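Input: a single structure, listed below in structure tokens.
The structure presented is a predicted model; accordingly, all values stated were derived computationally and were not measured. Side chains included, hydrogens not; waters and symmetry mates left out as well; all remaining heavy atoms used.
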Amino acid sequence: GEEVAQTPKHLVRGEGQKAKLYCAPIKGHSYVFWYQQVLKNEFKFLISFQNENVFDETGMPKERFSAKCLPNSPCSLEIQATKLEDSAVYFCASSQSHNEQFFGPGTRLTVL
Amino acid sequence: GENVEQHPSTLSVQEGDSAVIKCTYSDSASNYFPWYKQELGKGPQLIIDIRSNVGEKKDQRIAVTLNKTAKHFSLHITETQPEDSAVYFCAANDPGNQFYFGTGTSLTVIP
């Protein structure tokens, strides 16, 4: 598609439950990025992919967070055993050249 | 790693006036500097960007300037309109191809 699509728009989970977020990059873009935005301002980089390969995962909290980009499927970000502090808006962005990044509308995760 | 600072955190201007938002970065090897506009409940939208081999870029009412020596870059919005009200983020792309974002500027344009 012409825009980055993210689903679901909102996700509510009880503490300790699993959360899975999806991202469909712009067609033809080979790079996908995940960011976490807390308190409306700070963007925290989580992970990036070049096609289905992890490009940079330096921002990922490895204990409970995992992500995949498989061929012919939306990319996914999964949080096992969610904690209250995981409540945030998670943005996906895609890029053709690893410079201009185009963002999706985000998934708001609320952990109760 | 790269560190991006952004000022001011909030900015109010009268409609028709200009708005300027400034960012500094720490890694002299950073080579790409985008600006994003984020409206309430939406994802950031790329509005203008500049690469390190250029000093200034303009697109209608929006311009960006880059001073590589001083390691700072600025967003200029002229003839502001109420629809320019949003949060603006600067970012710097380091050689490792990771984006580092500023902490955002909440711009309010008063009609």
Side-chain angles (χ1 to χ4, degrees), chain A residues 1-10 21-26 29-51 53-60 88-110, chain B residues 1-11 21 23 25 27 29-54 57 59 64 66 73 85-108:
Chain A
E2 293 296 317
E3 293 181 340
V4 176
Q6 287 189 250
T7 55
K9 196 167 180 178
H10 301 281
L21 292 60
Y22 297 92
C23 167
I26 293 172
H29 284 193
S30 52
Y31 292 93
V32 170
F33 308 80
W34 284 99
Y35 295 89
Q36 179 193 57
Q37 188 181 34
V38 181
L39 299 175
K40 291 198 286 188
N41 277 13
E42 264 191 68
F43 282 94
K44 184 191 172 196
F45 168 78
L46 297 175
I47 190 169
S48 62
F49 288 83
Q50 183 178 11
N51 297 311
N53 304 308
V54 175
F55 190 82
D56 182 346
E57 58 182 346
T58 51
M60 279 289 264
V89 182
Y90 291 83
F91 287 101
C92 170
S94 73
S95 172
Q96 196 171 40
S97 66
H98 215 291
N99 270 175
E100 295 112 335
Q101 292 188 20
F102 296 90
F103 282 75
T107 292
R108 178 175 295 280
L109 172 65
T110 302
Chain B
E2 175 66 279
N3 181 42
V4 177
E5 294 190 357
Q6 183 172 346
H7 300 281
S9 56
T10 59
L11 179 61
I21 302 170
C23 287
Y25 61 100
D27 189 343
S30 288
N31 56 16
Y32 174 69
F33 307 92
W35 284 90
Y36 287 88
K37 175 184 181 182
Q38 187 177 23
E39 295 175 312
L40 199 62
K42 296 186 178 179
Q45 178 192 3
L46 178 67
I47 56 171
I48 196 165
D49 56 14
I50 193 166
R51 297 179 196 278
S52 58
N53 58 348
V54 174
K57 185 175 176 181
D59 182 3
V64 56
L66 171 64
F73 55 113
S85 296
V87 180
Y88 291 81
F89 291 91
C90 63
N93 190 2
D94 77 353
N97 280 326
Q98 189 174 130
F99 267 36
Y100 294 85
F101 283 85
T103 48
T105 296
S106 179
L107 173 66
T108 302

(message) I'd like to check the side-chain contact (heavy atoms from CB on, under 4.5 Å) partners of A:Gln50; sequence neighbours left out, ordered by chain and number.
(response)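 A:Gln50: side-chain contact (heavy atoms from CB on, under 4.5 Å) contacts with A:Tyr31, A:Phe55.
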(request) Over all heavy atoms of both residues, which pair between B:Lys42 and A:Phe91 is shortest? Give the atoms and the distance, please. (result)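 Of all heavy-atom pairs spanning B:Lys42 and A:Phe91, the closest is O-CZ, 3.8 Å.
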(request) Determine the minimum heavy-atom distance between B:Asp49 and A:Glu100, stating which atoms define it. (result)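 Taking every non-hydrogen atom into account, OD2-CG, 3.4 Å.
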(request) Under 4.5 Å, counting heavy-atom pairs only, tell me which of B:Pro44, B:Ala91, B:Gly104 racks up the most with chain A. (result)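 Sorted descending by pairs with chain A, the first entry is B:Pro44.
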(message) For A:Glu57, give me all partners under salt bridge (charged side-chain N to carboxylate O under 4.0 Å, His left out), at least two apart in sequence or on another chain.
(response)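 Salt bridge (charged side-chain N to carboxylate O under 4.0 Å, His left out) list for A:Glu57, sorted by chain: empty.
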(request) Assess the pair A:Tyr35 and B:Phe101: is the distance between their ring centroids shorter than 6.0 Å? (result)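 A:Tyr35 vs B:Phe101: aromatic centres under 6.0 Å.
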(request) Find the distance between CZ (A:Phe103) and OH (B:Tyr36) and round it off to the nearest 0.5 Å. (result)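 With rounding to 0.5 Å, CZ (A:Phe103) is 5.0 Å from OH (B:Tyr36).
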